[in-house]
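Residue numbering restarts at 1 for every chain, and letters A, B, ... go by the order of the sequence lines.
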Amino acid sequence: MLDEAFFRRDAVAVAQDLLGCVLLHGDVGGIIVETEAYRDDPASHAVLRGPRGRLMRETYGRLYVYLIYGMHYCLNFTTDAGGPGAVLIRAVAPTHGLDRMQARVLRPLPPHELARGPGRLCRAFGIGREHNGDRVGDRVSVLPRQGRPAIATSPRIGITKGRDLLWRFYIPDEPSVSRFR
DNA sequence: CAAGTGATTAGCT
DNA sequence: GCTAATCACTTGT
């Protein structure tokens, strides 16, 4: 299982190294296929003065879970390389507990869509605000990958500032990767 | 393409 | 204290 030392690095490196790892929560799990890095950049929540920004600035190896647009949760892991950092988990290819995921999502979905996109991922995995601040490994854990997957790069999705940075990473030709807009 | 949804935050008073 | 703006998304038309 990945420990805190793994996350005590730059968010961009962690984002790339999480691809191919297995995300686990209880009896559901899958392979991480899409991530985004955030650190001290215009789109980062590190600038927020409240508890959300503080988690990014002052911790590593913790879950940062927040509600977005009033209805979706997003899962991040905090990182640290001497500055603020977090990695958004955008998509997972389900491997375990698919029936459990089906039961949690709003409507029937093909397996590769169950955890495609950050909001759906949290819903399928049963991750919400109660997990915010958890240490990785408490309830949600990550298993190391075997081998090194191919990695593709793009701008991050859904942001208005910081579009020049190529900090989205994904495994090419993976059907569980969200559609590029 | 537009609506839906509510917590968080900054910027006032 | 209060208010308004913002928001790392998904779904259905």
Side-chain angles (χ1 to χ4, degrees), chain A residues 7 10-19 23 30 32-60 62-81 83-94 101-134 136 140 142 151-171 174-181:
Chain A
F7 296 94
D10 182 78
V12 170
V14 173
Q16 297 179 77
D17 291 346
L18 279 173
L19 292 178
L23 180 71
I32 298 172
V33 297
E34 183 181 355
T35 60
E36 282 178 1
Y38 290 86
R39 47 188 206 201
D40 206 359
D41 66 274
S44 174
H45 292 173
V47 298
L48 302 176
R49 298 310 304 170
R52 294 172 55 172
R54 195 172 317 140
L55 198 57
M56 266 193 77
R57 289 192 304 274
E58 299 180 3
T59 74
Y60 58 92
R62 304 289 191 114
L63 274 64
Y64 165 39
V65 183
Y66 64 93
L67 181 70
I68 186 85
Y69 299 120
M71 41 187 125
H72 308 293
Y73 289 99
C74 289
L75 167 67
N76 299 250
F77 295 110
T78 61
T79 65
D80 178 26
V87 175
L88 171 68
I89 309 300
R90 285 194 57 89
V92 163
M101 297 190 197
Q102 287 283 6
R104 287 203 269 242
V105 295
L106 304 164
R107 58 186 181 134
L109 290 171
H112 70 275
E113 288 187 20
L114 285 169
R116 185 172 79 176
R120 277 209 205 147
L121 186 158
C122 282
R123 180 167 280 278
F125 271 71
I127 292 171
R129 27 179 331 97
E130 68 271 26
H131 300 275
N132 188 49
D134 267 22
V136 63
V140 175
V142 183
I151 297 179
T153 300
S154 87
R156 295 169 295 179
I157 294 190
I159 54 168
T160 54
K161 292 171 282 189
R163 286 192 149 138
D164 51 317
L165 299 167
L166 302 176
W167 285 358
R168 170 174 176 255
F169 305 100
Y170 59 97
I171 301 180
E174 250 294 335
S176 294
V177 171
S178 66
R179 287 195 344 114
F180 184 61
R181 296 200 268 263

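Taking each heavy atom of A:G85 and A:A11 in turn, the nearest pair found is CA-CB, 4.3 Å. The minimum heavy-atom distance between A:M56 and A:R39, with the atom names listed, is CE-O, 4.2 Å. Here the closest heavy-atom approach between residue A:I171 and residue A:I32 is recorded as CD1-O, 3.9 Å.
Contact check, A:R90 against C:dC9: a side-chain N or O comes under 4.0 Å of OP1 or OP2. In terms of phosphate contacts, A:R120 brings a side-chain nitrogen or oxygen within less than 4.0 Å of OP1 or OP2 of C:dT11.
Protein chain A contacts DNA chain B over a range whose 5' and 3' limits, counting nucleotides with an atom under 4.0 angstrom from a non-hydrogen atom, are B:dG4 to B:dA10.
With sequence neighbours excluded, the residues forming a side chain to side chain contact (heavy atoms under 4.5 Å, CB included) with A:A152 are A:Y170, A:P172, listed by chain and number. Under the rule for a side chain to side chain contact (heavy atoms under 4.5 Å, CB included), the partners of A:S178 that lie at least two apart in sequence or sit in another chain are A:E34, A:R90, A:R116, A:I157, A:R168.
Both A:L106 and A:I159 lie near DNA chain C, and the one whose nearest nucleotide falls closer to the 5' end is A:I159.
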>> Let's go through A:Y66 and A:H45 carefully: what are the C-alpha distance in whole Å and the side-chain angles of both, what is the deciding distance for ring pair (Phe, Tyr, Trp, His ring centres under 6.0 Å) to 0.1 Å, and is it a yes or a no?
In response: CA-CA 11 Å; A:Y66 64 93; A:H45 292 173; 4.9 Å; yes
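Relative orientation of the A:F77 and A:F7 rings is tilted, given thresholds of 30° and 60° on the angle between their planes.
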> Given the rule that a pair is Watson-Crick or G-U wobble with both distances under 3.5 Å, how would you write DNA chain C in dot-bracket, using | for pairs to a different strand?
Replying inline: |||||||.||||.
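Comparing atom distances between the A:R107 side chain and each of C:dC9, C:dG12, C:dA8 picks out C:dG12 as nearest.
One interatomic measurement links the two molecules: CZ of A:R156 to P of C:dC7, which rounds to 13 Å at whole-angstrom precision.
Within the 4.5 Å cutoff, no side-chain heavy atoms of A:N76 are placed close to those of A:L55. With contacts defined as side-chain heavy-atom distances shorter than 4.5 Å, the pair A:P155/A:L166 qualifies. Residues A:F125 and A:V92 have side chains in contact (heavy-atom distance under 4.5 Å, counting atoms from C-beta outward).
Contacts of residues 63-71 of chain A with DNA chain B (heavy atom under 4.0 Å): A:L67, A:Y69, A:G70, A:M71.
The list of salt bridge (charged side-chain N to carboxylate O under 4.0 Å, His left out) pairs with a residue in residues 120-132 of chain A, not counting sequence neighbours, reads A:E113-A:R120.
Across all strands shown, A:L48 has heavy atoms under 4.0 Å from sugar-phosphate atoms exclusively, and none from any base.
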